[in-house]
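Here the structure is laid out as structure tokens; the discussion comes afterwards.
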Amino acid sequence: TRTKTVVSDWLKNPEGKKSLPDVSNLTKIENVKTDEDYSANGDNLTWNTEGGDIYYKGYSDSELPVDIKVTYKLDGKTVTPDHLVGKSGKLTVRYDYTNNSKKTVKIDGKNTDIYTPFMMATGVILDTDIFTNVEATNGKVLSDGSRQILVGCALPGLTQSLGLEDNDDIDIPEYFEFTADVKNFEIGTSITIGTSSIFSEINFDDIEGIDELKDKLGDLADASDKLADGTSELYDGLKKLQDSSGTL
């Protein structure tokens, strides 16, 4: 359940202007780096910049671009997280991502829903004293002996945007799931990031048929693998976060 949405904005000022216009529906807007302030007229903002960039944050009640639903099963039965604490058995945890960022456009005279192409990546740390025989669907598992990190990737909405619902040859992940044998269940923090920047490096302009589309989706799959293969830095970051949680 969402408890708070904080939005951070970077207002770039390459020409060094003393005043910059912006549009924002955020509340409790705060400059987080410098002392410059702003004036507001509805959603229209005018920032006093002193010639530099502006970094600010605010709060939003708008719908998240992607929702995440986590479900748990113990020995094949769906359970709530509270019920799992201290339990043992065969555990399945599934992350489903729902893409809410879409537009309805006309393609060949037919209304079609096109989703913003987000790649979602979820990282989870598991204690090897609690979790064994860990396997992941649409993800990878890394271990240092005492802890394991799982990273799962999904591209919610992309299958529908490309009209591939009935195409069995192309499987674009929409969820991340892992299974494990668990003893005295306890789990730490999981972190999910979403990005659309990965698509900016893939050129879809030269697609003329299904073969070219498969090639491009292959490029996308390779990019997904690179993201999963590069999780050692994420692992180090999550490990530091976990190790520092007592101090925090």
Quick check on the hydrophobic clustering: are [X] and [Y] connected, directly or via other members, by side-chain heavy-atom contacts under 4.5 Å?
X     : Y      : result
Val85 : Val70  : no
Leu64 : Tyr95  : no
Val7  : Phe118 : no

Subject >> Derivation and outcome, salt bridge (charged side-chain N to carboxylate O under 4.0 Å, His left out), residues Asp96 and Arg94 >> reply: CA-CA 6 Å; Asp96 284 290; Arg94 175 165 169 148; 3.0 Å; yes
Subject >> Criterion side chain to side chain contact (heavy atoms under 4.5 Å, CB included) on Asp9 and Leu26, from CA distance to verdict >> reply: CA-CA 10 Å; Asp9 279 331; Leu26 302 178; 4.0 Å; yes
Original post:
Can you say whether the rings of Phe178 and Phe131 are parallel (under 30°), tilted (30 to 60°) or perpendicular (over 60°)?
Top reply: perpendicular
Minimum heavy-atom separation for [X] and [Y], please, with both atom names.
X      : Y      : result
Lys18  : Gly51  : CD-N, 3.9 Å
Leu155 : Glu174 : O-OE2, 3.6 Å
Val124 : Ser190 : CG2-CB, 3.8 Å
Val141 : Ala136 : CG2-CB, 4.1 Å

At what distance, to the nearest 0.5 angstrom, does [atom1] of [X] lie from [atom2] of [Y]?
X      : Y      : atom1 : atom2 : value
Ser19  : Glu36  : OG    : CD    : 11.5 Å
Met120 : Cys153 : CE    : SG    : 10.5 Å
Leu45  : Asn25  : CG    : CG    : 10.0 Å
Glu63  : Thr98  : CD    : OG1   : 9.5 Å
Phe176 : Lys140 : CZ    : NZ    : 13.0 Å
Asp61  : Thr27  : CG    : OG1   : 6.5 Å

**OP:** State whether Phe185 and Lys87 meet the cation-pi test: NZ (Lys) or CZ (Arg) under 6.0 Å from the six-membered ring centroid, and within 45° of the perpendicular axis.
**Re:** no
**OP:** Test Asn184 against Ser88 for side chain to side chain contact (heavy atoms under 4.5 Å, CB included), laying out the working first.
**Re:** CA-CA 5 Å; Asn184 299 325; Ser88 301; 4.0 Å; yes
Between [X] and [Y], do the side chains contain an N or O donor and an N or O acceptor separated by less than 3.5 Å?
X      : Y      : result
Tyr38  : Asp22  : no
Thr122 : Tyr97  : yes
Thr104 : Asp113 : yes

**OP:** Compute the centroid of each ring, for Trp10 and then for Tyr56, and state whether the two points are separated by less than 6.0 Å.
**Re:** no
Would you say [X] has more than 12 foreign heavy atoms packed within less than 6.0 Å of its [atom1]?
X      : atom1 : result
Asp35  : CG    : no
Glu165 : CD    : yes
Lys90  : NZ    : yes
Glu186 : CD    : no

For [Y], does its backbone N or O pair with a side-chain atom of [X] as donor and acceptor, under 3.5 Å?
X      : Y      : answer
Thr92  : Thr179 : no
Glu135 : Ala180 : no
Asn99  : Pro156 : yes
Thr46  : Ser39  : no
Asn31  : Thr34  : yes

**OP:** For Tyr175 and Thr137, run side chain to side chain donor-acceptor pair (under 3.5 Å): C-alpha distance rounded to whole Å, both residues' side-chain angles, the deciding distance at 0.1 Å, then the answer.
**Re:** CA-CA 8 Å; Tyr175 70 95; Thr137 302; 5.1 Å; no
Close side-chain approach of [X] to [Y], heavy-atom, < 4.5 Å:
X      : Y      : result
Gln148 : Thr128 : yes
Ser24  : Ile29  : yes
Tyr59  : Thr5   : no
Asp37  : Asn48  : yes
Glu177 : Val93  : no
Val182 : Leu74  : yes
Val66  : Asn100 : no
Tyr115 : Ser101 : no

Original post:
What residues form a side-chain contact (heavy atoms from CB on, under 4.5 Å) with Asn13, not counting sequence neighbours?
Top reply: Lys17, Leu20, Thr49, Asp53
Subject >> Worked verdict on Asp181 versus Leu91 for side chain to side chain contact (heavy atoms under 4.5 Å, CB included) >> reply: CA-CA 6 Å; Asp181 293 322; Leu91 175 71; over 6 Å; no
Original post:
What do the steps show when you test Lys69 against Asp67 for side chain to side chain contact (heavy atoms under 4.5 Å, CB included), and what is the final call?
Top reply: CA-CA 7 Å; Lys69 179 183 178 182; Asp67 280 326; over 6 Å; no
